[in-house]
Amino acid sequence: MLEVRDVTKQFESLEVLKGVSLRVEKGDVVAILGPSGSGKTTLLRCINFLEKADQGTMVFDGEEFQMNHISKKDMARLRKKTAFVFQNYNLFQNKTALQNVTEGLVVARKVPKKEAVEIGKKALDKVGLADKYDYYPYQLSGGQQQRVAIARALATNPEIIFFDEPTSALDPELIGEVLSVMRDLANEGMTMLVVTHEIGFAKNVSSKVVFMEHGVVIEAAPTREFFDAPKTERAKSFVRSISETENQ
Ligand SMILES: Nc1ncnc2c1ncn2[C@@H]1O[C@H](COP(=O)(O)OP(=O)(O)O)[C@@H](O)[C@H]1O
Ligand SMILES: [Mg+2]
């Protein structure tokens with residue numbers, strides 16, 4: 001469904017992505033793991049055209065694009081098929097939960113207000129916030145705010161949702177409620193590409209793991225295989241270190 005090949009990106013003299021390729025099939029939950037500074041966020045941003053890759057090919061639903069000179073029109077068309085959930089939720093502070101979810105539908109997609117409100121309420125119900133339509137972000141916990149952000153993503157009916165460390169800004173007690181919403185989505189067959197440090201989520205929910213370091217994919221494998229029988233020395237030591245942490 002979505003494939004990128006040989007994506008490169010440099011900031012000044014810093015090569016952040018050195019030829020990254022990955023593939024997501026419909027219904028896949030792909031977990032991108034790797035230490036801070038590996039280029040995970042940059043990769044997601046390039047895939048969603050929030051950042052312009054220096055080079056790279058994208059194939060989306062069978063159509064091929066050059067990521068460094070894609071037209072504005074194609075970019076807008078592809079963005080409509082995707083949604084992005086950020087680490088810090090990126091909600092409008094002066095809008096209610098429901099308004100945050102409907103805003104993009106009404107403004108960018110020209111959905112009639114009444115219909116947008118119906119879709120928005122349904123999306124908020126789905127993430128367990130049926131009683132919070134009229135709450136402002138400051139009246140919600142971090143976990144609730146991130147669930148609003150997930151509802152906003154769902155409301156656009158995307159083919160794939162990108163998540164960039166969706167729980168890393170949350171207090172430990174609030175992580176579970178967000179992961180549980182994501183797990184439900186995965187079980188319903190939503191296609192997701194998730195940068196995460198939540199190893200439990202990667203192990204139990206993802207179908208594939210892409211392990212990155214220093215701007216390259218060190219290893220990409222089905223989840224079981226990655227954790228049970230990593231092939232590269234680097235992935236072996238990563239898996240060993242997390243299992244030591246788990247046993248502490
Ligand atoms: N806009 C930017 N300008 C300059 N350097 C950047 C920019 N964005 C990211 N970087 C650098 O690129 C490297 C990879 O960053 P990032 O993609 O955020 O990694 P990760 O998400 O894996 O932690 C880091 O060294 C970071 O400082
Ligand atoms: Mg990051």
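Note that ligands are numbered from 1 as they come in the structure, with each ligand's atoms numbered from 1 the same way.
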Ignoring hydrogens and angles, state whether a donor on the side chain of Y133 or D125 is under 3.5 Å from an acceptor on the partner side chain.
-> yes

The expected count of protein N/O/S atoms at less than 2.8 Å from the Mg ion (ligand 2) is 1

**Message:** Between E165 (side chain only) and F86 (backbone N and O only), is there a donor and an acceptor less than 3.5 Å apart?
**Reply:** no

Is there side-chain contact between L140 and L91, with heavy atoms separated by less than 4.5 Å? no

For S141 and Q144, indicate whether the former's side chain and the latter's backbone hold a donor-acceptor pair under 3.5 Å.
-> yes

Any protein N or O within less than 3.5 Å of an N or O in ligand 1? List each pair with its distance, or say none.
| from | atom 1 | to | atom 2 | distance (Å) |
| --- | --- | --- | --- | --- |
| ligand 1 | 17 (O) | T42 | N | 2.9 |
| ligand 1 | 17 (O) | T42 | OG1 | 2.5 |
| ligand 1 | 19 (O) | G39 | N | 3.1 |
| ligand 1 | 21 (O) | T41 | N | 2.9 |
| ligand 1 | 21 (O) | T41 | OG1 | 2.8 |
| ligand 1 | 22 (O) | S38 | N | 3.1 |
| ligand 1 | 22 (O) | G39 | N | 3.0 |
| ligand 1 | 22 (O) | K40 | N | 2.9 |
| ligand 1 | 22 (O) | K40 | NZ | 2.8 |
| ligand 1 | 23 (O) | G37 | N | 2.7 |

| message | Run S237 and R234 through side chain to side chain donor-acceptor pair (under 3.5 Å) and show every step you take. | response | CA-CA 5 Å; S237 92; R234 181 63 187 95; 3.3 Å; yes

| Is the shortest side-chain N to carboxylate O distance from E219 to K231 below 4.0 Å? | no

Practice task
Indicate yes or no for a side-chain donor-acceptor contact from T167 to the backbone of I175 under 3.5 Å, with no hydrogens or angles considered.
Solution key: no

Problem set entry | Over 12 non-hydrogen atoms of neighbours within 6.0 angstrom of CD in E188 | yes

Can you find a side-chain donor-acceptor pair between S207 and D28 that sits under 3.5 Å? yes

